[in-house]
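A quick write-up on the structure given underneath.
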Amino acid sequence: RTRSPSSTTKRCFDYAAAHHIPDMEEMAGLAHGGGLLAYAPDEGEEFDRLAELTDRVLRGAKPADLPLELPTRFRFTVNLKTAHDLGLTMPEAVLARSDDLIE
């Protein structure tokens with residue numbers, strides 16, 4: 001899922017680019033929006049779990065009785081366009097470990 005970054009986030013990206021500062025984001029969508037790297041929970045898994053928990057509440061479960069769940073799958077995203085704009089060459093080891101490459 002790709003979202004446009006907020007105006008504040010866009011200003012941060014612009015500042016980082018102007019000063020050649022690499023950044024790492026906590027949401028994959030931000031890497032798609034111009035960030036260099038993102039290591040974030042898999043949004044698909046999060047939405048699947050949200051749907052299951054919502055179903056349980058709609059069927060009568062008390063929200064307080066539902067378990068606290070933490071993400072189990074994470075995705076590593078590399079934005080090669082941003083790397084190029086910053087004058088960075090991403091090491092092959094980093095590229096090999098990425099789940100998503102943005103070109």
Side-chain angles (χ1 to χ4, degrees):
R1 174 190 318 254
T2 302
R3 291 181 219 147
S4 297
S6 69
S7 62
T8 302
T9 303
K10 177 83 170 89
R11 285 194 319 246
C12 290
F13 289 161
D14 292 345
Y15 181 87
H19 294 87
H20 298 281
I21 301 171
D23 64 314
M24 186 161 189
E25 309 301 334
E26 72 279 1
M27 295 184 325
L30 292 175
H32 287 271
L36 176 62
L37 304 169
Y39 185 68
D42 183 299
E43 288 182 358
E45 179 189 38
E46 287 184 320
F47 287 120
D48 289 346
R49 294 301 307 139
L50 177 62
E52 290 175 23
L53 294 172
T54 300
D55 180 62
R56 289 174 62 181
V57 170
L58 293 175
R59 292 178 187 270
K62 294 180 183 176
D65 294 338
L66 297 176
L68 174 65
E69 297 184 12
L70 298 174
T72 58
R73 288 190 310 241
F74 291 81
R75 298 191 65 79
F76 180 47
T77 304
V78 177
N79 188 326
L80 294 174
K81 180 186 178 319
T82 300
H84 179 266
D85 292 347
L86 291 173
L88 300 173
T89 301
M90 299 304 292
E92 286 298 321
V94 170
L95 298 177
R97 288 181 175 87
S98 69
D99 297 298
D100 299 308
L101 289 175
I102 302 165
E103 298 189 45

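Residues take their numbers from the sequence shown, with the count starting at 1. Every value quoted in this text rests on a predicted model; they were computed, and no experiment measured them.
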key: Step-by-step side-chain contact (heavy atoms from CB on, under 4.5 Å) determination, Asp100 to Arg75   = CA-CA 8 Å; Asp100 299 308; Arg75 298 191 65 79; 3.0 Å; yes
Atom pair NZ (Lys81) and CG (Leu86), whose distance is rounded to the nearest 0.5 Å = 10.0 Å
ask   = Just how far is it from atom CD1 of Ile102 to atom OG1 of Thr82, taken to the nearest 0.5 Å?
value = 7.5 Å
request  = May I ask you to test the Leu37-Asp23 pair for a side-chain heavy-atom distance under 4.5 Å?
outcome  = no
Residue pair Leu53, Glu69: steps toward the side-chain contact (heavy atoms from CB on, under 4.5 Å) verdict = CA-CA 10 Å; Leu53 294 172; Glu69 297 184 12; 4.0 Å; yes
query = Just by modelled atom types, is the Gly35 backbone N or O under 3.5 Å from a matching donor or acceptor in the Glu25 side chain?
reply = no
ask   = Looking at CG of Asp14 and NZ of Lys10, how far apart are the two atoms once the value is rounded to the nearest 0.5 Å?
value = 3.5 Å
query = Distance-only, no hydrogens or angles: does the Asp99 side chain make a donor-acceptor pair with backbone N or O of Phe76 under 3.5 Å?
reply = yes
request  = State yes or no: do Tyr39 and Leu101 share one hydrophobic cluster built from I, L, V, M, F, W and Y residues joined by side-chain heavy-atom distances below 4.5 Å, directly or via other members?
outcome  = yes
ask   = What pair of heavy atoms forms the shortest contact from Ala38 to Ala28, and how long is it?
value = CB-CA, 3.8 Å
message = With a 3.5 Å distance limit and no angle check, can you tell me whether His19 reaches the backbone of Tyr15 through a side-chain donor-acceptor pair?
response = yes
task = Report whether Phe13 and Leu88 are members of the same hydrophobic cluster (ILVMFWY, side-chain heavy atoms less than 4.5 Å apart, transitive linking).
result = no
query = Which heavy atom in Ser98 sits nearest to a heavy atom in Val78, and how many Å separate them?
reply = CB-CG2, 3.8 Å
task = Name all residues meeting the salt bridge (Lys or Arg N to Asp or Glu O under 4.0 Å) criterion together with Arg59; count only those two or more places apart in sequence or in a different chain, and write none if there are none.
result = Asp55
note = So OG1 of Thr77 and CE of Met24: to nearest 0.5 Å the spacing works out to 9.0 Å
message = Do Leu80 and Leu95 make a side-chain contact, defined as non-hydrogen atoms from C-beta onward lying under 4.5 Å apart?
response = yes
key: Side-chain donor/acceptor of Asn79 to backbone N/O of Ala31, under 3.5 Å   = yes
remark   = Looking only at heavy atoms, the pair that brings Glu26 and Pro41 closest together is O-CD, 4.4 Å
ask   = In terms of hydrophobic clusters joined by side-chain contacts under 4.5 Å, are Phe74 and Val94 together?
value = yes
